[in-house]
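Atom set for the values below is all heavy atoms of this structure, side chains included, hydrogens, waters and symmetry mates excluded. Along the sequence shown, residues are numbered consecutively beginning with 1.
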Amino acid sequence: QVQLVESGGGLVQAGGSLKLSCAASGRTVSSYTMGWFRRAPGKEREFVAAIAGFGWTTYYADSVKDRFTISRDIARRTVYLQMSSLKPEDTAVYFCAADPKRGPLEFSRSCDYWGQGTQVTVSS
């Protein structure tokens, strides 16, 4: 089993930035695809970004491409989401996720493990 713990959420003004972290535990998590989803109040879950095992490739939702950057520290088993040029519509609970088999594209539609979520609020 995999445990995922997010941190770094908070309140920021539009145009600002935040960096989210996801610390993962598990015997082989470095080989897993990992990434981020978000859910705004009253809306369905939305894919944000994914990174392949060992960081080989990345994949982003069109809504965040060129504003958000996903990365991972293999030694620390930690995945990051650097968010810049934040907009009020980015306000949501952000969930870290992991999958042992799916690559980033398939991961964007389905994955196996989830963290507890961290709130990001962007004010105008």
Side-chain angles (χ1 to χ4, degrees):
Q1 296 289 341
V2 174
Q3 299 176 49
L4 306 171
V5 180
E6 303 102 326
S7 62
L11 191 152
V12 64
Q13 290 185 321
S17 63
L18 282 174
K19 188 173 184 178
L20 306 182
S21 298
C22 174
S25 63
R27 187 172 63 85
T28 58
V29 292
S30 294
S31 67
Y32 287 21
T33 297
M34 297 187 65
W36 299 87
F37 293 76
R38 65 188 183 186
R39 188 176 69 244
K43 298 183 179 179
E44 295 187 7
R45 184 188 67 197
E46 177 187 29
F47 169 75
V48 177
I51 186 165
F54 303 104
W56 298 127
T57 59
T58 59
Y59 179 62
Y60 297 90
D62 289 342
S63 61
V64 306
K65 192 174 181 64
D66 301 322
R67 297 190 299 121
F68 293 8
T69 301
I70 189 169
S71 62
R72 68 193 301 168
D73 185 323
I74 302 301
R76 294 186 176 185
R77 292 180 169 84
T78 300
V79 175
Y80 304 96
L81 185 69
Q82 177 66 56
M83 305 183 292
S84 61
S85 301
L86 283 162
K87 306 173 181 179
E89 49 263 48
D90 294 318
T91 295
V93 177
Y94 283 70
F95 297 90
C96 183
D99 194 283
K101 298 293 184 182
R102 296 177 175 89
L105 181 58
E106 189 176 7
F107 174 96
S108 70
R109 298 182 177 183
S110 183
C111 60
D112 288 349
Y113 300 100
W114 299 87
Q116 80 286 353
T118 185
Q119 177 71 47
V120 172
T121 302
V122 184
S123 64
S124 59

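- Taking every heavy atom of both residues into account, Ala92 and Ala40 meet most closely at CB-N, 3.8 Å.
- A donor-acceptor contact shorter than 3.5 Å links the side chain of Ser84 to the backbone of Arg67.
- Judged by distance alone, with hydrogens and angles left aside, the side-chain atoms of Tyr60 form a donor-acceptor pair with the main-chain N or O of Ile70 at under 3.5 Å.
- Transitive grouping of hydrophobic side chains (ILVMFWY, heavy atoms separated by less than 4.5 Å) keeps Phe37 and Leu86 in distinct clusters.
- No single ILVMFWY cluster, assembled from side-chain heavy atoms under 4.5 Å apart, contains both Leu4 and Phe95.
- In this structure, CZ on Phe68 lies 8.0 Å from CG on Leu20, to the nearest 0.5 angstrom.
- Across every non-hydrogen atom of Ile51 and Pro104, the tightest pair is C-CG, 4.2 Å.
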| said: I'd like to know whether Cys96 forms a side chain to side chain contact (heavy atoms under 4.5 Å, CB included) with Met34, so could you lay out the CA-CA distance, the side-chain angles of the two residues, the decisive distance to 0.1 Å, and finally the verdict. | reply: CA-CA 7 Å; Cys96 183; Met34 297 187 65; 4.0 Å; yes

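- Thr28 places none of its side-chain heavy atoms less than 4.5 Å from the side chain of Pro100.
- Shown here for Arg77 and Gly26, the closest heavy-atom pair between the two residues is NE-O, 4.0 Å.
- Val12 and Val48 fall within the same hydrophobic cluster, where Ile, Leu, Val, Met, Phe, Trp and Tyr residues are linked whenever their side-chain heavy atoms come under 4.5 Å apart, directly or through other members.
- Looking only at side-chain heavy atoms (C-beta outward), Gln119 and Thr91 come within less than 4.5 Å of each other.
- With rounding to the nearest 0.5 angstrom, the OG atom of Ser110 is 3.5 Å from the CZ atom of Arg102.
- Trp36 is not connected to Phe47 by any chain of hydrophobic side-chain contacts under 4.5 Å among Ile, Leu, Val, Met, Phe, Trp and Tyr, and they are in different clusters.
- For the atom pair CD of Gln82 and OG of Ser21, the computed distance is 9.5 Å after rounding to the nearest 0.5 Å.
- Side-chain atoms of Leu81 and Arg38, non-hydrogen and from C-beta on, never get closer than 4.5 Å to each other.
- Counting only heavy atoms from C-beta outward, the side chains of Val120 and Met83 approach each other to under 4.5 Å.
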| query | When you look at Cys111 and Thr33, which way does the side chain to side chain contact (heavy atoms under 4.5 Å, CB included) test go after all the steps? | reply | CA-CA 9 Å; Cys111 60; Thr33 297; over 6 Å; no

| task | Decide yes or no on side chain to side chain contact (heavy atoms under 4.5 Å, CB included) for Ser63 and Glu46, but give the supporting numbers first. | result | CA-CA 10 Å; Ser63 61; Glu46 177 187 29; 3.6 Å; yes

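- Judged purely by atom type and a 3.5 angstrom limit, Arg72 uses its side chain to pair as donor or acceptor with the backbone of Ala52.
- A donor-acceptor pair under 3.5 Å links the side-chain atoms of Glu6 to the main chain of Gly117, judged by distance alone.
- With hydrogens and angles ignored, the 3.5 Å screen pairs no side-chain donor or acceptor of Asp112 with any backbone N or O of Asp99.
- Hydrophobic clustering (side-chain heavy atoms under 4.5 Å, transitive across Ile, Leu, Val, Met, Phe, Trp, Tyr) groups Phe107 together with Leu105.
- Environment of CZ in Arg45: crowded, with over 12 heavy atoms of neighbouring residues, nucleotides or ligands closer than 6.0 Å.
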